[in-house]
Protein chains: 2
Amino acid sequence: MFNQLAYAMGAAPNQIRQIFEYGRQQAKLLGEDKVFDFSLGNPSIPAPASVNQSIHRLLDTESSIRIHGYTSGVGGDPLREAVARNLSERFGVKARMQNVFISCGAAPALEAVLLALRSNEKSEIIAVAPYFMEYKAFTEANGLKFVLVPADLEKFQVNIPALAAAVNENTQAVILNSPNNPSGAVLTRETLLAVAELLTERSARYGHPIYIIADEPYRELVYGDAVVTFIPTLYRDTIVCYSWSKSLSMPGERIGYVYVPEEATDSHDLFLAVAGAARASGHICAPSLIQRAVAENIDCMPDLEAYKVNRKLLYEGLTEIGYECVKPDGAFYLFVKTPGGDNSVFCEKAKAKNLLVVPSEPFGVEGYFRLGYCVSKEMIERALPVFREVFEEI
Amino acid sequence: MFNQLAYAMGAAPNQIRQIFEYGRQQAKLLGEDKVFDFSLGNPSIPAPASVNQSIHRLLDTESSIRIHGYTSGVGGDPLREAVARNLSERFGVKARMQNVFISCGAAPALEAVLLALRSNEKSEIIAVAPYFMEYKAFTEANGLKFVLVPADLEKFQVNIPALAAAVNENTQAVILNSPNNPSGAVLTRETLLAVAELLTERSARYGHPIYIIADEPYRELVYGDAVVTFIPTLYRDTIVCYSWSKSLSMPGERIGYVYVPEEATDSHDLFLAVAGAARASGHICAPSLIQRAVAENIDCMPDLEAYKVNRKLLYEGLTEIGYECVKPDGAFYLFVKTPGGDNSVFCEKAKAKNLLVVPSEPFGVEGYFRLGYCVSKEMIERALPVFREVFEEI
């Protein structure tokens with residue numbers, strides 16, 4: 001009697017959330033110190049103090065109606081203007097507030113973009129493994145075909161010949177996610193130029209643009225010398241989906257945006273289609289108080305010190321035990337090769353010790369697991385001996 | 001190249017928002033005191049002071065990670081528990097937190113319920129005129145057929161014979177909205193019993209439940225002796241969509257819920273289908289800080305004094321001029337018969353004087369217009385002579 005697809009999506013929520021819920025139940029039963037939950041991408045550093053200060057001040061000085069009232073569906077002027085200015089200054093693009101749609105985070109932003117791009121029942125979306133599992137769910141729920149390009153397991157860049165084989169006349173967009181969840185890899189300028197060249201040629205051949213959807217919630221989370229290229233500077237038909245969940249450590253507040261560059265093909269119509277798709281999904285506006293607080297903190301960059309410490313501790317601790325993984329340049333995940341190769345065996349053994357990791361299969365890769373190191377340093381220290389136990393039991 | 005339905009929904013945003021945007025532009029051009037904007041349902045009374053106090057306190061005393069971090073997709077425990085307790089105490093139902101899905105307001109709640117109820121391509125949803133225009137948009141965007149029952153223009157209750165004629169074996173739900181936007185009417189217990197009797201008989205005849213979707217954002221906004229019946233107490237297959245937008249004067253904050261009573265047919269599966277439908281639409285969780293603040297203010301009732309004053313002033317002022325309308329029992333709208341009968345003529349004349357009202361056609365009724373009296377008293381006082389001018393010009 002119900003929508004079977006919706007029922008299935010509700011009955012089997014994404015695996016990460018399932019593991020997280022399990023961890024919460026175990027922590028209630030056994031105590032928080034007995035559970036080693038590496039499942040979630042929930043930032044472990046606090047939101048910048050200035051964000052909370054903004055909220056306090058806005059509540060105290062502005063009228064309730066301005067602060068808690070509806071904004072325009074596309075977002076309030078202050079945040080749209082702030083985003084446009086910030087992007088223009090940092091990346092040398094000519095962004096205007098008219099190109100910015102404020103969303104309730106990156107997930108509904110992406111969902112709206114995908115729905116907007118379903119031009120007919122043959123429309124296809126390409127993602128590159130490893131990929132965030134909701135890409136598939138959102139794509140299929142919106143009636144588009146999901147096409148996966150296998151992972152480049154060496155460097156977690158893009159396998160260009162495989163991408164070339166996947167693109168066809170029905171391809172509407174390629175989703176790129178850099179820094180990547182789950183691998184932590186940052187796509188190099190070289191990689192992006194190769195993707196841009198391929199898509200430029202194919203767009204011309206098929207007579208319609210093939211967009212890049214740049215899903216960038218981890219844009220500000222990079223370490224060492226890594227540089228995250230702003231894709232619209234290399235490829236005009238790029239649609240950016242952003243979220244402040246990670247950069248301002250406020251994933252529960254649901255705030256992000258879609259940026260449709262003025263230079264993109266049919267930019268204005270595309271923007272309207274995204275706004276309409278959001279409306280069809282129940283979007284009214286993004287949370288109003290948080291919109292204002294983020295606008296005041298638009299240039300605030302995260303203090304990554306805690307993640308740097310965790311990354312080093314976990315990477316060195318695991319490789320010393322014998323685990324293999326590529327040192328990530330960004331985000332806050334380690335993507336680790338499963339010892340013994342069998343994920344179901346490994347993850348069950350780990351789960352039995354309340355060591356909660358996410359197997360890689362839902363990310364489109366076999367034989368890896370993901371660790372979020374956005375946790376307390378102290379939990380990593382307690383967890384390393386447990387990682388050793390599991391490693392030795394395999 | 002884009003989704004034509006999404007494009008159309010973006011290119012022609014709902015008429016209320018269009019008028020509101022026009023009002024904002026005019027206010028910028030001419031000054032706020034030259035524009036009489038009755039278009040929006042944006043509460044004009046401030047949020048209760050206790051809500052802002054809760055936000056201040058939560059920011060100061062709780063960890064950033066708890067306050068700004070993800071909650072479960074179905075909502076955090078504190079708010080789910082608070083809603084279940086509040087409903088149980090006020091209405092004598094046996095609500096548990098497992099029956100409560102916290103949403104980003106009533107619009108995405110309704111959207112998710114409609115998507116969850118699309119069991120096949122023949123599924124139909126019935127609304128009763130006058131109806132909130134997004135019902136049609138959400139229904140059709142989710143691939144269900146929208147069926148409209150004509151208005152009872154005498155008392156703005158439900159035309160039962162017309163409803164009986166509209167219900168068939170493909171009917172999945174009937175949306176009821178009491179207190180009603182735009183008429184302000186409250187459905188009487190008598191009306192609801194008649195609807196329940198009809199739907200009980202038809203559910204048995206067709207062998208599947210026909211749900212009532214009770215869209216209740218105005219539940220707490222009633223005047224005089226009017227009583228809003230909580231529909232699950234009369235009809236078990238009721239799904240409640242609620243929002244705190246109006247009752248706590250925070251429509252920009254996007255917070256509401258879906259309540260699926262334990263007694264509803266296939267209650268648990270329906271709940272999962274709603275959660276899955278929300279996920280398919282990009283829902284991750286409702287804004288986390290606001291969830292906590294609302295949980296602490298769950299028993300807070302709005303101070304309606306300002307709306308009472310406005311309602312009296314506007315109703316008496318307009319009827320004295322010669323306008324005709326039924327005195328509303330709830331919400332914050334007057335639904336006024338258009339003098340001369342031709343809405344397009346009237347509304348254009350009014351618009352030329354920056355008197356912004358919403359014509360009734362998008363609500364499924366001809367020859368009326370809607371006034372939101374959730375405005376300042378002072379604007380009503382300034383607007384009444386303009387209403388007179390327009391009346392005399394017709």
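Per chain, numbering begins at 1; letters A, B, ... match sequence-line order.
- Ranked by heavy-atom pairs shorter than 4.5 Å toward chain B, the options C104(A), C285(A), A275(A) are led by C285(A).
- The parts of L289(B) that come within reach of chain A are both its backbone and its side chain, each placing non-hydrogen atoms under 4.5 angstrom from that chain.
- Distance CG/N142(B) to OG/S281(A): 8.0 Å, rounded to 0.5 Å.
- Residue N42(A) holds its CG atom at 10.0 Å from OG1 of T71(B), rounded to the nearest 0.5 Å.
- When heavy atoms are compared at a cutoff of 4.5 Å, N120(B) does not approach chain A at all.
- Interface residue A280(B): backbone and side-chain heavy atoms are both found under 4.5 Å from chain A.
- A search for side-chain hydrogen bond (donor to acceptor under 3.5 Å, both in side chains) contacts involving R292(A) returns E62(A), not counting sequence neighbours.
- Nearest heavy-atom pair, I55(A) versus I55(B), reported as atom, atom and distance to 0.1 Å: CG2-CG2, 4.0 Å.
- Heavy-atom pairs under 4.5 Å with chain B peak, among Q291(A), H208(A), E111(A), H283(A), at E111(A).
- A tilted orientation is assigned to the rings of F2(B) and Y211(A), their planes being inclined by 30° to 60°.
- The minimum heavy-atom distance linking R279(B) with F138(A) is given by the pair O-CE2, 3.1 Å.
- Summarising the geometry of G282(B) relative to A107(A), their closest heavy-atom pair is O-CB, 3.7 Å, with the distance given to 0.1 Å.
- Scanning both residues, S64(B) and A47(A), for their nearest heavy atoms gives OG-N, 2.8 Å.
- Of the two parts of R254(B), only the side chain, counted from C-beta on, holds a non-hydrogen atom closer than 4.5 Å to a non-hydrogen atom of chain A.
- Neither the backbone nor the side chain of L114(A) comes within contact range of chain B; no heavy atom of the residue lies under 4.5 Å from a heavy atom of that chain.
- Using a 4.5 Å cut-off between heavy atoms, P43(B) contacts chain A through its backbone alone, with no side-chain atom that close.
- Contact tally against chain B (heavy-atom pairs below 4.5 Å) for A286(A), G41(A), A116(A), S245(A): the top residue is A116(A).
- Residue L110(B) does not touch chain A at all, counting heavy-atom pairs closer than 4.5 Å.
- Between chain B and the residues E21(A), E140(A), Q4(A), the most heavy-atom pairs under 4.5 angstrom are made by E21(A).
- Residues N52(B) and H68(A) form a side-chain contact, since some pair of their non-hydrogen atoms from C-beta on lies under 4.5 Å apart.
- Residues of residues 72-81 of chain A placed with any heavy atom under 4.5 Å of a heavy atom in chain B are listed by number as S72(A), G73(A), D77(A).
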